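Read through the structure below, which is laid out as structure tokens, and then see the notes.
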Protein chains: 2
Amino acid sequence: MEKQTVTIYDVAREAHVSMATVSRVVNGNNNVREKTRNKVLSVIQKLNYHPNAVARGLASKKTTTVGVIIPDVSNVYFAELARGIDDIAAMYSYNIILANSDGNQDKELKVFNNLMSKQVDGIVFMGKDVTPQLRTAFQHANVPLVLAGTISKQQIEPSVNIDYHGAIAEAVTSLVRSGCHEIGLVCGSLDYSINADYRLTGFKAGLAANQLTFDDNYVYQTDESYRSGYQLAPKLIDQGLKSVIVSDDELAAGILNGLTDAGVSVPNDFQILTGNDTKLTEIVRPQLSSIVQPLYDIGAVSMRLLTKFMDRDNVAQINVVLPHRIVNRDSTK
Amino acid sequence: MEKQTVTIYDVAREAHVSMATVSRVVNGNNNVREKTRNKVLSVIQKLNYHPNAVARGLASKKTTTVGVIIPDVSNVYFAELARGIDDIAAMYSYNIILANSDGNQDKELKVFNNLMSKQVDGIVFMGKDVTPQLRTAFQHANVPLVLAGTISKQQIEPSVNIDYHGAIAEAVTSLVRSGCHEIGLVCGSLDYSINADYRLTGFKAGLAANQLTFDDNYVYQTDESYRSGYQLAPKLIDQGLKSVIVSDDELAAGILNGLTDAGVSVPNDFQILTGNDTKLTEIVRPQLSSIVQPLYDIGAVSMRLLTKFMDRDNVAQINVVLPHRIVNRDSTK
DNA sequence: CTGAAAGCGCTAACAT
DNA sequence: ATGTTAGCGCTTTCAG
């Protein structure tokens with residue numbers, strides 16, 4: 001015997017009111033007499049009625065769910081953003097449909113379209129960059145979107161980030177203050193705007209501010225994985241470097257361990273300053289000095305911003321920059 | 001000018017066929033003449049028609065989305081399961097609505113009901129345990145559910161796990177083989193079945209198999225966080241223990257670092273064997289020996305199992321046990 | 001192989 | 001304050 005779903009109509013009949021009235025009490029509309037409301041409420045309870053969100057979505061054209069595109073949930077950095085996103089989403093009674101993209105444009109496009117067909121009310125996008133194709137898709141969509149922890153050079157889409165340029169420049173200065181002049185930058189591909197237009201320029205600016213000359217050989221493009229870092233470690237010393245600024249914590253952990261295993265003492269012989277301040281920084285030994293980013297908040301603020309767009313609220317600044325700072329733990333002097 | 005949504009009706013009119021026919025071609029129904037199909041297809045392209053999944057869900061009573069209840073996405077262990085779940089979901093054209101519960105029953109219940117109202121086609125549940133209240137809710141639901149990396153004593157719900165009991169027993173033997181006889185167990189609350197009925201009993205069985213006597217003082221209940229591990233470390237040595245088996249990797253990392261910072265040499269003076277084999281085990285130094293679990297696969301197989309239930313396929317074994325093994329890295333002798 | 005028509009369960013004018 | 005009535009966009013019998 002299949003369980004018969006109880007609908008708003010059943011409640012209406014049983015409570016001797018119209019569907020509209022039931023709908024009103026369910027949706028907290030005040031235009032219902034106290035007595036009527038109570039009667040309806042009791043019938044709802046008695047019948048164990050639960051509104052069907054799909055029907056509601058079709059009728060109202062709002063699904064109270066937002067799409068979240070993420071490169072990889074199992075990546076600590078993105079996972080922390082995701083947690084911030086979901087918490088605020090829940091706070092505003094939204095659900096999130098999470099879709100992994102591997103930071104790969106084809107998948108990003110595919111899941112984006114899929115999310116649109118599911119009629120999500122908004123999108124939070126995390127990725128390496130916003131490709132022109134993706135931008136076109138975003139613009140043709142009629143729902144708001146915000147980039148979380150994701151840079152696009154043009155700053156067309158609303159976004160929440162930290163000042164990557166400034167942070168890296170400060171990182172350089174911090175290293176210089178510790179007496180180090182041979183500083184390298186290790187990050188992801190320079191094909192991505194965040195690396196080419198923010199991190200690299202910040203690196204150069206930091207060098208210049210400290211009267212240091214920039215050397216192309218001191219910047220390394222990697223895939224930001226632990227393994228890549230581990231393998232890169234020996235090359236760093238061969239190159240005569242005395243320190244590196246690293247974009248990603250897993251990558252930095254790989255460099256750290258690679259160095260340590262090669263007999264190089266961190267921070268005495270080599271310093272490392274990493275970029276995300278995930279929980280990894282405190283778990284490795286020595287603990288990693290880091291650019292501190294409010295990861296959870298980046299996610300949370302992104303979602304909050306999205307709710308404003310979905311509510312058609314005014315928003316003064318669509319490109320939010322959250323504060324950062326540098327914390328010196330044990331991988332720097 | 002608001003963008004006008006193009007509906008199946010528009011396509012039908014433009015292609016001079018009925019909505020039913022359009023529906024057929026969109027859904028790959030074979031009862032359509034080649035020529036008709038092509039005509040419809042070209043109109044779909046021309047009008048840039050995208051089926052509305054919400055309307056489809058209402059009419060067909062299938063949403064092709066599944067709910068995923070997770071304690072915390074930013075926890076490495078669960079995040080890896082989640083990745084496995086989403087990959088297989090995507091493979092079978094499902095989306096996942098991810099909901100964090102903090103492993104807290106009230107939230108679990110709340111998000112579960114919320115997910116049901118969204119008419120998900122199935123649920124993957126991750127948690128500490130299945131409380132009676134939760135079980136009741138599960139049973140009143142009319143969609144399939146599977147537990148991923150989650151034990152409930154009664155084994156009523158379909159699930160995929162490893163043999164926690166056996167794994168811990170083997171861990172004991174492994175430690176004994178290395179010459180250690182003072183072995184402790186550090187895990188989450190014994191209020192949870194997985195700890196009380198699987199890990200603890202496995203621990204006792206392992207002890208017995210090695211002619212060792214069980215001592216209540218050697219089992220520690222914690223909240224499985226890095227910090228708790230770090231704080232617990234000194235007590236472990238005071239207690240005269242020479243090794244511990246730990247349920248969670250972050251917890252184990254805390255113990256490891258706490259010990260190291262207290263001047264205790266791992267593995268020489270103290271051995272640690274952890275339980276989840278997340279990427280943390282290779283990042284800490286010394287690297288953590290571990291019970292190896294196929295985390296991604298636990299998620300993937302859970303989702304695959306769920307698809308079978310949703311398709312009403314026969315499934316021979318509803319409680320799947322995936323293989324595990326012990327790997328000795330550098331925190332054991 | 002194709003079409004007509006009846007809903008799916010709910011919201012949202014519009015009346016009253 | 002409450003009821004009536006159209007849909008929302010699609011699937012699904014049921015005919016033919």
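The model shown is predicted, which means the values in this text are computed figures rather than measured ones. So you know, we letter chains A, B, ... as the sequences are listed, proteins then strands, and number each from 1.
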Does [X] put a side-chain nitrogen or oxygen below 4.0 Å from OP1 or OP2 of [N]?
| X | N | answer |
| --- | --- | --- |
| A/Asn52 | C/dC8 | no |
| A/Tyr9 | D/dT4 | no |
| A/Lys61 | C/dA12 | no |
| B/Ser23 | D/dT11 | yes |
| B/Thr5 | D/dG9 | yes |
| A/Arg56 | C/dT11 | yes |

With a non-hydrogen cut-off below 4.0 angstrom, is [X] in contact with a base, only sugar-phosphate, or nothing?
| X | value |
| --- | --- |
| B/Val54 | nothing |
| B/Asn31 | base |
| B/Val22 | nothing |

Nearest whole angstrom, please: distance from the [atom2] of [N] to the [atom1] of [X].
| X | N | atom1 | atom2 | answer |
| --- | --- | --- | --- | --- |
| A/His16 | D/dA1 | NE2 | C1' | 18 Å |
| A/Glu34 | D/dT2 | CD | P | 11 Å |
| A/Lys62 | C/dT11 | NZ | C1' | 12 Å |
| B/Asn38 | C/dT2 | CG | P | 11 Å |
| A/Arg37 | D/dA1 | CZ | P | 10 Å |
| A/Asn29 | C/dA13 | CG | C1' | 13 Å |
| B/Ile8 | D/dT12 | CD1 | P | 11 Å |
| B/Met19 | C/dG7 | CE | C1' | 11 Å |

Measure from the side chain of [X], starting at C-beta and using heavy atoms only, and say which of [options] lies closest.
| X | options | value |
| --- | --- | --- |
| B/Ser60 | D/dT11, C/dC1, D/dT2 | D/dT11 |
| B/Ser18 | C/dT11, C/dG3, D/dT2 | C/dG3 |
| A/Arg24 | D/dC14, D/dG9, C/dA13 | C/dA13 |
| A/Ala20 | C/dC10, C/dA12, D/dC10 | C/dA12 |

Point to revise | Test applied, side-chain contact (heavy atoms from CB on, under 4.5 Å); reference residue, B/Val68; option that passes from B/Ile97, B/Val73, B/Leu98 | key: B/Leu98
Check your understanding: So which of A/Leu306, A/Thr63, A/Thr64, A/Asp86 actually passes side-chain contact (heavy atoms from CB on, under 4.5 Å) with A/Tyr94?
Key ->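 Among A/Leu306, A/Thr63, A/Thr64, A/Asp86, the one meeting side-chain contact (heavy atoms from CB on, under 4.5 Å) with A/Tyr94 is A/Thr64.
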Point to revise | Neighbour count above 12 (heavy atom, 6.0 Å) for A/Gln45 CD | key: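 No, CD of A/Gln45 has 12 or fewer neighbouring heavy atoms, counting only those of other groups under 6.0 Å.
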**Study point:** Pairing of B/Arg83 and A/Asp102 as salt bridge, 4.0 angstrom limit
**Key:**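 So B/Arg83 pairs with A/Asp102 through a salt bridge.
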Exercise for review: Could you tell me whether A/Phe112 and A/Phe138 have their ring centroids closer than 6.0 angstrom?
Suggested key: yes
Review point. Of B/Leu58 and B/Thr21, whose nearest nucleotide on DNA chain C comes first from the 5' end?
Key: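 Whichever sits nearer the 5' end wins; that is B/Thr21.
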Check your understanding: When you check the side-chain N and O atoms of B/Asp311 and B/Tyr92, is any donor under 3.5 Å from an acceptor?
Key ->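 On atom types as modelled, these side chains do not qualify, holding no pair under 3.5 Å.
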